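Since we're looking at a predicted model, the values are computed, not measured.
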Amino acid sequence: MKKIKLTIVSALLLSMTYSCSDEIDNLEPFTSVNPIAFLEGPASFQTAVDGMYNQIFGYYSSPGSALQGIPDILSDNAVLVTTGRRSNEVYYDYQYTAATGGAIGLYFSQAYNAINISNIVISQIDKLPEGDTRDNILGQALAGRALAHFDLARVYGPIPSQSNNAISELGVSYIKVEDGDVDFDVPTPIFPERESIGSNYEEILEDLLAASTLISESNSEGRLTRNGVFGLLSRIYLYLGQYQNAIDSSNEVSTAIATQEDLSSIYIDATNAGIVIELSVNTAGSEANFNNVGVIYSQGSLDDAGNITNTISEYAVDFEFFNSIDDSDIRKGIIQFDSANGDAEHNGIRKFLGESGQVNGRLDIKVMRAAEVLLNRVEAQFELGFEGQALTGLNQLRELRFFGDDLPENNDNDTTNDIVFIPGTETGQALEDAIQFERRVELAFEGHRFFDLKRRGESIQRSTFGDLRDGTGTPAEVLTLPAGDTRFQFPIPIAEINANTNYTQNPGY
């Protein structure tokens, strides 16, 4: 049994209910009931699990912390717009400390809130009769607990593939009610020590593998499913460098990759094509107590003709990155829009602007798409020396993202000037570079780039171009974060260090 004492999971309140249909029906705080007593039938258990999703949504979406956005701001994908509000600049400049607000504290507290709720559900699951409903609820709770711990481990600790000794370095506290880490019958504060990254990933896998045998093939929108569990496994095995397991897990995911026609609709919530894991938000009314994830990149308004006006861009697409994308690639227009802060023109970030006719940034969180699962498999195949298979998978994605006959100026039934897709033929280093480039473009501004560079043990090297649309303007103040720099790991929030003397701070903070 672990030595466990932990302040952040001592509360026994379930926060808020969360209905995971596309529209949230009720937001109702459980502040007047004992959650243990509340859990009596399947509906109440699912409500509790939905409260877990609510907490995960919080740290993925808050403009001050968004795990959907901060990793791109930390990377070489984005450039700070100097005429914006300079929000999250402390992260962009790598000047965060243990006392920094926003992401540093919110990831920690909300992830452990989600873990707390999942543990409450797991501790009481025997109240439900055996059967598919019970299994599905338990599977969701286990998978959600794994996801929250995984996010904590990759933010506050090294990634196993990052260096040879990463698995022996400090991770986070993995809190499992089954191991006696917390006792809900005696709700007292607990104060854990940090465990190793290797131990964290062992327990993440244990939870996900158990969930994979229990969770349903399909659930309401915004809830985890069997596809979601195996998609996560494909990513985690890639982070571990267990490439055959990554391939095998990816092959269990049946979700089809979004077509060219569907791709742009994903980012206005008009379709769920290609979505493997999504956290849903209420878009029905402004009174909903949810964050608008797109606000981290831009805000604006629409004129009577539906054109975006009065843009306040916080970050723009890096000029060099934007111009590395071929004009025949449909993703170029999905990533960027022509934004202007007054007279200052920028390559605004189009993803997550809002639903059709909206620029309020209120959209569902795309935690995982089928395209990532394919890219996980392709990278694993390359690492194992299966270059032919890797190239085939890469060309499959490339063809789906290639304009070709569908360029607007070519859509005239005249094939004379149409562009024909030519499959890539790369091998060796050129193939590896192509795989990483496609990953960068496909997953841009969805919270991957910082972690991809981190897990590969690479430095972050930003371009010297500025924030204006033509590449002029103000470049990043800090152009390089060297591989292995301590700032690849966030500091443990000072409030947690002060509250728990057993918790060790990360080096460099």
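- With Tyr156 contributing its side chain and Ile104 its backbone, the two residues share a donor-acceptor pair below 3.5 Å.
- For Phe386 and Phe382, the distance between ring centers is not under 6.0 angstrom.
- Counted within 6.0 Å of CD on Gln429, heavy atoms from surrounding residues, nucleotides or ligands total more than 12; the atom is thus considered enclosed.
- For Asp76 and Arg440, the salt-bridge test passes: some basic side-chain N is under 4.0 Å from an acidic carboxylate O.
- Residues meeting the side-chain hydrogen bond (donor to acceptor under 3.5 Å, both in side chains) test with Asn88, sequence neighbours left out: none.
- Every pair passing ring-ring contact (aromatic ring centres under 6.0 Å, His included) that includes a residue from residues 242-270 is listed here, sequence neighbours excluded: Tyr267-Phe352.
- For the ring-ring contact (aromatic ring centres under 6.0 Å, His included) test, residues two or more places apart in sequence or in another chain that qualify with Tyr91 are Tyr96, Phe490.
- Relative to the six-membered ring of Tyr239, Arg154 misses at least one condition, a distance below 6.0 Å or an angle of at most 45° to the axis.
- Within 6.0 Å of CD1 in Ile334 there are more than 12 heavy atoms belonging to other residues, nucleotides or ligands.
- By the side-chain hydrogen bond (donor to acceptor under 3.5 Å, both in side chains) test, Glu442 is found to be paired with Arg331, Arg369, Arg401, residues two or more places apart in sequence or in another chain being considered.
- Between the Lys127 side chain and the Leu39 main chain, a donor and an acceptor come within less than 3.5 Å of each other.
- For the atom pair Gln242 CD and Asn245 CG, the distance stands at 5.0 Å (nearest 0.5 Å).
- Formation of a donor-acceptor pair under 3.5 Å by the Asp364 side chain with backbone atoms of Ser280 is not found in this model.
- Around atom CG of Asp132, no more than 12 heavy atoms belonging to other residues, nucleotides or ligands sit under 6.0 Å away.
- With Glu379 contributing its side chain and Ile435 its backbone, the two residues share no donor-acceptor pair below 3.5 Å.
- The side-chain hydrogen bond (donor to acceptor under 3.5 Å, both in side chains) test applied to Glu383 returns no partner, not counting sequence neighbours.
- Ring to ring, Tyr315 and Tyr92 are close: their centroids are under 6.0 angstrom apart.
- Geometric assessment of Lys332 against the ring of Phe322 yields a positive cation-pi assignment under the 6.0 Å and 45° thresholds.
- For Tyr509, the ring-ring contact (aromatic ring centres under 6.0 Å, His included) criterion is met by no residue, not counting sequence neighbours.
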